[in-house]
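Here's the structure, in structure tokens; my notes come after.
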Amino acid sequence: MTFKNNDFSDLLTNRRSVRAYDPSVKISKEEMQQMLTEAATAPSSVNMQPWRFVIVESDEGKEKLKPLIRFNTTQNDTSSAMILIFGDLNCYEYGEEIYNTAVEVGKMPPEVRDQQLAAILPYYQSFSKEKMNDVIKIDSSLFAMQLMLVARAHGYDTNAIGGFEADQLAEAFDLDSERYVPVLILSIGKAADAGYESFRLNPETFTTWK
């Protein structure tokens, strides 16, 4: 998907935090996969792509999720889907697949792959759980923001949700809680209203020039 400069500016400046959606609008699996593919061009540290998802769209799935999302039940009840975004503490296990495929499709020479893997895999494996947790949360958050913009380009709206029972989310959806760290939840669908407009600080407030 390509944008003119004014189109992209509109995506950014007119994005709203939407809590209520049109419950009759359902996003197809094919379009959801397309949006995930487009969002997956987001950057990640050494291209380890640690983001993992559970797409909660069925009535049964939403009922399971509902008691775990505190004050965000309107989004759950009305959205087309709730996207649970996790970070994979063992993401480096996909390193060889990622780099081998890069060689196969002509994006990287074999000698670079070998050098990179020889350096990256032991480095990642040496990380403490706390350090790896920081890495995967940063990377997965970059993906989440990109997905929010991709969704806007497809005509949908989103709401980023941080209020949920993080200690229960993985196991509730059959994931290993020792490996998969919940980062945030995105509700997605067709907005039922204009959403919330909010004030943003002037860059002069939070920027220092040297």
Side-chain angles (χ1 to χ4, degrees), residues 1 11 15 17-19 21 23 25-70 72-73 75-95 97-98 101 124 132-190:
M1 185 170 292
L11 289 179
R15 188 190 65 80
S17 184
V18 172
R19 268 67 166 183
Y21 302 88
V25 175
K26 298 300 180 184
I27 301 173
S28 69
K29 183 176 180 179
E30 291 73 21
E31 187 173 17
M32 186 70 77
Q33 288 177 323
Q34 181 183 355
M35 288 190 287
L36 293 173
T37 298
E38 292 168 358
T41 60
S44 66
S45 180
V46 295
N47 199 29
M48 282 297 107
Q49 306 166 48
W51 41 73
R52 308 288 182 260
F53 315 102
V54 176
I55 310 296
V56 181
E57 59 179 0
S58 68
D59 292 340
E60 295 79 10
K62 287 188 170 187
E63 279 301 308
K64 184 183 293 186
L65 180 61
K66 193 168 187 175
L68 304 179
I69 53 175
R70 301 179 185 173
N72 299 291
T73 54
Q75 296 95 310
N76 188 59
D77 292 344
T78 62
S79 65
S80 179
M82 301 287 278
I83 304 175
L84 316 186
I85 302 180
F86 296 86
D88 183 359
L89 289 167
N90 293 0
C91 59
Y92 52 80
E93 293 181 358
Y94 288 88
E97 178 182 345
I98 292 168
T101 304
Y124 260 49
M132 182 62 85
N133 184 75
D134 290 343
V135 170
I136 64 176
K137 282 192 170 182
I138 290 171
D139 289 350
S140 298
S141 296
L142 288 169
F143 180 98
M145 187 68 251
Q146 184 139 312
L147 179 56
M148 294 172 79
L149 294 175
V150 167
R152 282 274 298 153
H154 280 255
Y156 302 111
D157 287 280
T158 57
N159 178 226
I161 297 170
F164 54 85
E165 306 302 332
D167 59 334
Q168 302 175 47
L169 195 66
E171 288 188 358
F173 289 90
D174 304 315
L175 296 180
D176 179 358
S177 61
E178 291 299 312
R179 174 168 179 167
Y180 299 102
V181 177
V183 178
L184 57 80
I185 298 173
L186 286 183
S187 60
I188 184 170
K190 182 70 72 172

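Just the heavy atoms: all of them, side chains too, but no hydrogens, waters or symmetry mates, feed the values below. Residue indices begin at 1 and follow the sequence shown. Note that this is a predicted model, so its numbers are computed, not measured.
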Under 3.5 Å donor-acceptor, [X] side chain and [Y] backbone:
X: R70; Y: F164; result: yes
X: N72; Y: G163; result: yes
X: S80; Y: I27; result: yes

Flag the pair [X] / [Y] as yes when at least one side-chain heavy-atom distance between them is below 4.5 Å, and no otherwise.
X: S141; Y: V183; answer: yes
X: Q75; Y: I69; answer: no
X: V46; Y: Y124; answer: yes

Using the salt bridge (Lys or Arg N to Asp or Glu O under 4.0 Å) criterion, which residues pair with [X]? Sequence neighbours excluded.
X: E63; result: none
X: R179; result: D88, E93
X: K29; result: none

Listed by chain and number, what are the side chain to side chain donor-acceptor pair (under 3.5 Å) partners of [X], not counting sequence neighbours?
X: N47; answer: Q49
X: K62; answer: S79
X: Q33; answer: none

Please list all pairs passing the salt bridge (Lys or Arg N to Asp or Glu O under 4.0 Å) test where one or both residues lie in residues 139-151, with sequence neighbours left out.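 Those involving residues 139-151 do not exist here.
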Taking only residues two or more places apart in sequence or in another chain, which ones pass ring-ring contact (aromatic ring centres under 6.0 Å, His included) with F143?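 F143: ring-ring contact (aromatic ring centres under 6.0 Å, His included) contacts with W51, F53.
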Side-chain donor-acceptor pairs under 3.5 Å in residues 167-177, sequence neighbours left out?
| residue | atom | partner | partner atom | Å |
| --- | --- | --- | --- | --- |
| E171 | OE2 | S177 | OG | 3.2 |
| D176 | OD1 | E178 | N | 2.9 |

With [X], which residues qualify under side chain to side chain contact (heavy atoms under 4.5 Å, CB included), at least two apart?
X: E60; result: S58
X: Q146; result: A39, T41, A42, V150
X: S28; result: E30, E31

If I compare all heavy atoms of Y156 with all of I188, which pair ends up nearest, and what's the gap?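 Smallest interatomic distance, heavy atoms only, reads CB-CG1, 4.1 Å.
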